[in-house]
2 protein chains.
Amino acid sequence: MPRPRASRLDPERRQTLLDVAAEEFAEHGFDGASYNRILERAGFSKGVAYYYFEGKDDLYAAVLALTLDTLARRFDAWQRPADAEGFWRALRARYLALTTHIVDDERSARLLRSMSQARTHPKLQEAWLRFEGPLVAWFQRVLEDGRALGAVRGDVPESLLLTSLMGIGQATDGWLLEQWAHAGAPALQRGAEQVFALFEDLLVPRPVGPPPAKRR
Amino acid sequence: MPRPRASRLDPERRQTLLDVAAEEFAEHGFDGASYNRILERAGFSKGVAYYYFEGKDDLYAAVLALTLDTLARRFDAWQRPADAEGFWRALRARYLALTTHIVDDERSARLLRSMSQARTHPKLQEAWLRFEGPLVAWFQRVLEDGRALGAVRGDVPESLLLTSLMGIGQATDGWLLEQWAHAGAPALQRGAEQVFALFEDLLVPRPVGPPPAKRR
DNA sequence: CATCAGTTGGACCACTGGTCTAATACTGGC
DNA sequence: GCCAGTATTAGACCAGTGGTCCAACTGATG
């Protein structure tokens with residue numbers, strides 16, 4: 001956690017530091033980033049840096065918090081839709097907006113991607129826990145709503161669904177970027193639709209009938 | 001790649017080094033591991049180490065190669081099953097064996113888990129490429145067989161299915177470990193079955209009929 | 001003016017992965 | 001047995017890492 005006095009730091013200098021740090025962390029990830037380099041570029045001496053922040057991990061957390069905050073502001077709050085169809089419409093809109101964001105603000109996207117490291121990095125454990133809670137809570141609320149509306153299956157533990165969803169989301173994020181790099185924006189759009197279709201296939205309640213139904 | 005002369009290194013010393021390194025890498029991941037500490041513990045001087053290996057990343061690759069090799073030996077080679085049912089039986093058996101392995105050989109499992117870092121780590125790019133090829137090839141062959149047998153959907157790019165599968169697999173690996181830690185081996189077994197059911201739901205061809213089928 | 005908390009710069013620390021060199025061990029040819 | 005030349009070894013050394021510490025400075029209050 002940033003030291004309490006961090007709020008007393010001149011906003012402009014603070015902004016500079018966070019900006020330089022965001023660049024460095026996005027470029028090299030947490031481990032690869034050089035704290036010394038950040039401080040030098042932002043015109044901070046060691047003394048000042050450690051006066052306002054507890055260390056590299058603390059600064060990283062501050063950068064990530066800012067990034068997540070900006071991201072959250074781009075999405076409306078989640079409200080329980082009226083029916084299953086509305087549920088899927090709302091979820092789809094949010095996912096497509098997210099994929100757009102990946103291309104829009106590449107630095108933030110790379111930063112967000114580095115979060116997967118944070119989840120397991122020993123030095124970032126504390127920082128991670130501050131983010132995990134709200135994130136999981138949001139997902140859980142969505143899944144619960146989905147269940148209540150009959151849009152989401154109930155035969156599998158919610159925690160498993162949640163884990164799987166985040167796993168696919170993360171993995172396909174890289175895949176989407178590839179599509180975009182190789183074939184441009186339309187491919188990204190198409191890819192995102194396909195990924196979302198996978199989400200749906202995974203979440204939708206299983207048909208109860210015997211397996212040998214009609215297939216494509 | 002290990003230097004060619006690495007093969008001339010006394011097998012026993014080599015074994016010691018790889019063993020110590022496996023421990024360190026499994027414990028701290030690639031970045032967190034201390035090369036100096038590994039060398040000290042294994043009784044290697046800097047000179048010798050850099051004489052036989054190109055550096056930290058090279059040693060890491062060697063450890064990983066050994067681990068993957070051992071793992072591969074535990075599984076029979078893949079052979080195209082006779083029908084869709086056989087396909088799912090074969091895949092299921094392999095997945096369950098893999099989850100057993102996670103608990104059986106915790107060190108290897110942690111090492112394998114660190115591979116996800118290797119995929120994106122700039123210093124491990126080269127090493128990763130050596131592993132990615134065969135791994136992807138194996139998966140692709142399996143998916144192709146599945147398609148040929150009508151066990152796997154064909155309406156989505158193979159690369160997307162592959163990415164998603166690996167994403168879920170990796171994410172649920174952590175989930176399975178939690179199940180095991182909280183509720184023991186039976187929970188692990190149950191969890192693995194559920195995860196595999198998700199795989200199946202994701203891969204199985206979509207019913208062609210109109211969406212509002214019978215649901216649970 | 002003196003006091004004292006808040007702030008600042010930067011020397012310093014143990015450690016990191018990696019390079020280099022000088023010494024030693026070992027080899028085959030004579 | 002001796003020598004030349006290569007293979008092997010130990011470890012000093014290097015620039016860079018994140019982090020600690022302290023002396024000096026600042027500005028407000030009495």
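The basis for the numbers below is simple: all heavy atoms, side chains too, and nothing from hydrogens, waters or symmetry mates. Throughout, protein chains are lettered first and strands after them, A, B, ... in sequence-line order, and every chain is numbered starting at 1.
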Exercise answer: donor-acceptor pairs, residues 177-185 of chain A side-chain atoms, under 3.5 Å, sequence neighbours excluded:
residue	atom	partner	partner atom	Å
A:His182	ND1	A:Glu178	O	3.0

What parts of residues 8-44 of chain A reach DNA chain C, counting only heavy atoms under 4.0 Å away?
A:Arg8, A:Arg13

A:Glu144/A:Gln140 under side chain to side chain donor-acceptor pair (under 3.5 Å): CA gap, chis, key distance, verdict:
CA-CA 6 Å; A:Glu144 266 163 36; A:Gln140 245 163 12; 5.8 Å; no

So which of residues 45-61 of chain A are in contact with DNA chain C, with a heavy-atom cut-off of under 4.0 Å?
A:Ser45, A:Lys46, A:Gly47, A:Val48, A:Tyr51, A:Tyr52

Between the side chains of B:His121 and B:Asp31, is a donor N or O closer than 3.5 angstrom to an acceptor N or O?
yes

With sequence neighbours left out, which residue pairs that include part of residues 47-66 of chain A fulfil the salt bridge (Lys or Arg N to Asp or Glu O under 4.0 Å) condition?
none

If the condition is side-chain hydrogen bond (donor to acceptor under 3.5 Å, both in side chains), which residues does A:Ser108 pass it with, not counting sequence neighbours?
A:Asp105

Of all residues at least two apart in sequence or in a different chain, which pass the side-chain hydrogen bond (donor to acceptor under 3.5 Å, both in side chains) check with A:Thr172?
none

Step by step, work out the ring-ring contact (aromatic ring centres under 6.0 Å, His included) result for A:Tyr51 and A:Phe44.
CA-CA 11 Å; A:Tyr51 184 69; A:Phe44 274 62; over 10 Å; no

